[in-house]
S.K.: 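Take a look at this one; I'll ask things after.
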Amino acid sequence: GAPYRVIDTLAFRPSGDIGRIAGATLADRSRSERGGWLVEQLLRRAARLDRTLEADFASFLFFDASFARRLIELGRRDALDRADEIRAFFAR
């Protein structure tokens, strides 16, 4: 029976395209691993419509340490870019 109330929120969206990051990780991986070109070709065929779609698909298949490091770096940069906003939110 309590009335609705407005609550403050702080939302984050990555500033970079995660699908493209996955695609770059996949490209690095396929150049460094034997047979990696075959995996890359299969992904390209699976996502013929759009290169971003291919990269998004790759992000699910190849969630490895290299990809995670790139995501963590992106998150840190994004948080540092919004540091004043974050501090103000938690100071309320």
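The figures here come from the full heavy-atom set of this structure, side chains too, leaving out hydrogens, waters and symmetry mates.
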S.K.: Determine which pairs satisfy salt bridge (Lys or Arg N to Asp or Glu O under 4.0 Å) with at least one residue from residues 77-92, sequence neighbours left out, and list them in order.
M.R.: D8-R92, R82-E85, D84-R87

S.K.: Members other than L10 in its cluster, when Ile, Leu, Val, Met, Phe, Trp, Tyr link by side-chain heavy atoms under 4.5 Å?
M.R.: F12, I86, F89, F90

S.K.: Considering only distance and modelled atom types, tabulate donor-acceptor pairs under 3.5 Å from the side chains of residues 67-75, sequence neighbours left out.
M.R.:
| from | atom 1 | to | atom 2 | distance (Å) |
| --- | --- | --- | --- | --- |
| R70 | NH1 | T25 | OG1 | 3.2 |
| R70 | NH2 | D28 | OD2 | 2.2 |

